[in-house]
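Here is the structure we will look at, set down as structure tokens.
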Amino acid sequence: MKTLANLLFCCVLAFNACTTSTATDQAALNSDPLAIPALYERTGSLASATEWPKTKEKIAELTARLAKNPSDTKARLQIAGIYLAEARITGEHPYYYPAIEKILNGVLSIDPANFEATVFTSSVKMSQHKFAEGKALAEKAKQLNPDNAYPYGILVDANVELGNYEEAIANSDKMQVLKPSLESYSRASYLREIYGDYAGAIEAMKLAVTAGLPGSEPQCWSRNTLAQLYLNIGQTEKAEAEYKTILAIRPSYAFALAGLARIAHNRKDYTTALSLLDSAAAIMPEFSFHEQMGDIYAETGLKEKAEKKYAEVLAMLNEDAVSGHSVSLEMSKLLIKMGKTSEAKKYALQEYNARPSNIEVNKELAWIAYQEKDMKKAAAYLQTAMRTNSKDPELLRRAAEINRAL
């Protein structure tokens, strides 16, 4: 299930240097709690983006400020914000999330009650799918500054992921009152989608697009999500127009390329779909692009290519896990495609133990139980998965098969 915490964090700071480090440099960095990890070098088309030189200049300026005054928490927070923006743009999550946590821990060592560092750390935990930790930190941030909208946004995300949908709605309503914005409209849209209201979800996401800075990454994210909503209800032409609008403004926006690939895949234009996914994967190391390729190979009977591509995705997820990212649900979904139902069940149950009320987790367990011909469990998990009246196309397809078997 998608989260919005990265988007929220990204919009907090307006600015979006590259250095490489030797083993000696890295050892010194690890031993110094206030040291700033290097900015990861962009490659390919992302290195040609207009904001990249500005990003390097800003990092150089902030680093110089810290050299003069290591206790400058504002400079540290700006660097953390830039790094999370870079994580979103480049997909280099295994590097950036630990780096951001280190920076924020440095701020908190200087100022333990710092609101921004607390809320930003909460956002990082959400990005790593550590939802209970993210929620606890967001609650702490809310106590520090109850009139700021950002903790409520993270509480929306955390409660959605934990399956506390009514609580998520209450926090979304509070966020709307405090600050109507791209972030608050996006959350309202997502909650409406969860409750099966696609018309309302589209209406709210259009407001998010309108509220965003034209051409900015957050606005492109909102427009990309709007396109996916259109796809879910079969309005392919509208979805395609949104993806093309994004790419006209931001040609290196890989998720829009993947969206067009999804449309080509649905049209059974597999050559175009694979070409678009190759282009997206060349821009950023996002596992879902490779998983889409594997799905196409599997659908077209290219079993060996599918197995090889799924193995690549498995390696990418393991890399994320090593960096501190919780990927149990993603692993379960992939292993089902690989025909490894027992392994998929193990990962899905790990996720279920952490958030038993989440509809996405129950959707996967219902499908695994169906594969195992345990229809009693399939029906129980399915009941939880459908309790919000979600109109998720994949959920409805699976529900229909399970109900036929019942």
Side-chain angles (χ1 to χ4, degrees), residues 1-2 129 131 160-165 193-196 198 228 231-234 262 265-266 268 270 287-288 290-318 320-321 325-406:
M1 186 171 286
K2 59 193 175 186
H129 294 186
F131 305 121
V160 163
E161 299 298 344
L162 294 169
N164 307 326
Y165 301 106
E193 180 187 355
I194 286 171
Y195 278 87
Y198 269 102
Q228 183 59 51
L231 270 186
N232 285 351
I233 60 172
R262 195 172 298 112
H265 183 180
N266 292 342
K268 301 191 183 303
Y270 302 118
F287 79 89
S288 64
H290 295 274
E291 190 169 351
Q292 278 183 256
M293 292 184 212
D295 294 345
I296 292 172
Y297 291 139
E299 186 175 316
T300 54
L302 299 173
K303 185 178 178 181
E304 287 187 10
K305 281 193 171 184
E307 289 176 351
K308 182 179 179 181
K309 187 54 70 174
Y310 287 150
E312 289 177 22
V313 177
L314 196 63
M316 295 174 78
L317 289 173
N318 280 321
D320 276 347
H325 199 116
S326 177
V327 293
S328 297
L329 184 58
E330 290 77 8
M331 292 285 275
S332 178
K333 291 179 178 182
L334 177 66
L335 289 164
I336 288 174
K337 293 178 181 180
M338 297 174 74
K340 300 180 179 181
T341 307
S342 59
E343 288 185 56
K345 182 178 180 179
K346 179 186 72 173
Y347 283 106
L349 286 173
Q350 286 177 5
E351 203 71 24
Y352 182 82
N353 290 335
R355 43 190 186 132
S357 299
N358 179 274
I359 59 176
E360 194 76 8
V361 174
N362 279 275
K363 180 179 84 171
E364 293 308 310
L365 281 167
W367 193 241
I368 290 169
Y370 169 75
Q371 300 288 329
E372 294 180 332
K373 303 188 185 306
D374 187 342
M375 303 314 299
K376 183 177 180 181
K377 281 188 176 180
Y381 287 130
L382 183 62
Q383 184 177 12
T384 301
M386 300 194 73
R387 70 186 177 91
T388 63
N389 198 33
S390 170
K391 298 296 190 299
D392 168 30
E394 184 179 50
L395 173 61
L396 295 181
R397 284 194 297 271
R398 291 182 176 184
E401 290 199 39
I402 291 169
N403 286 326
R404 276 197 296 271
L406 286 167

Run L334 and L317 through side chain to side chain contact (heavy atoms under 4.5 Å, CB included) and show every step you take. CA-CA 10 Å; L334 177 66; L317 289 173; 4.1 Å; yes
I'd like to check [X] versus [Y] (side-chain heavy atoms, cut-off strictly below 4.5 Å). Are they in contact?
{"X": "R262", "Y": "Q228", "answer": "yes"}
{"X": "Y165", "Y": "Y195", "answer": "yes"}
{"X": "E394", "Y": "K363", "answer": "yes"}
{"X": "E291", "Y": "K337", "answer": "yes"}
{"X": "Y310", "Y": "D295", "answer": "yes"}

Determine, step by step, whether M331 and K346 satisfy the side chain to side chain contact (heavy atoms under 4.5 Å, CB included) criterion, reporting the C-alpha distance in whole Å, the side-chain angles of both residues, the deciding distance to 0.1 Å, and the verdict. CA-CA 10 Å; M331 292 285 275; K346 179 186 72 173; over 6 Å; no
Any chance you could lay out the salt bridge (charged side-chain N to carboxylate O under 4.0 Å, His left out) test for E351 and R355, step after step, and finish with the verdict? CA-CA 6 Å; E351 203 71 24; R355 43 190 186 132; 2.8 Å; yes
Side chains of H265 and E299 only: does a donor on one sit below 3.5 Å from an acceptor on the other? yes
Under the side chain to side chain donor-acceptor pair (under 3.5 Å) test against Q350, which residue among S328, S326, S332 passes? S328
M338/L335 under side chain to side chain contact (heavy atoms under 4.5 Å, CB included): CA gap, chis, key distance, verdict: CA-CA 5 Å; M338 297 174 74; L335 289 164; 4.2 Å; yes
K309 and H290: which non-hydrogen atoms are nearest, and at how many Å? CG-O, 2.9 Å
Looking at every heavy atom in both A348 and I368, which two are closest together, and how far apart are they? CB-CD1, 3.9 Å
Exam field: side chain [X] to backbone [Y], donor-acceptor pair closer than 3.5 Å:
{"X": "R387", "Y": "I359", "value": "no"}
{"X": "T300", "Y": "I296", "value": "yes"}
{"X": "N164", "Y": "V160", "value": "no"}
{"X": "N358", "Y": "E161", "value": "yes"}

Could you list the donor-acceptor pairs under 3.5 angstrom formed by side chains in residues 371-384, with sequence neighbours left out?
{"unit_1": "E372", "atom_1": "OE1", "unit_2": "K345", "atom_2": "NZ", "d": "3.3"}
{"unit_1": "D374", "atom_1": "OD1", "unit_2": "K377", "atom_2": "N", "d": "3.3"}

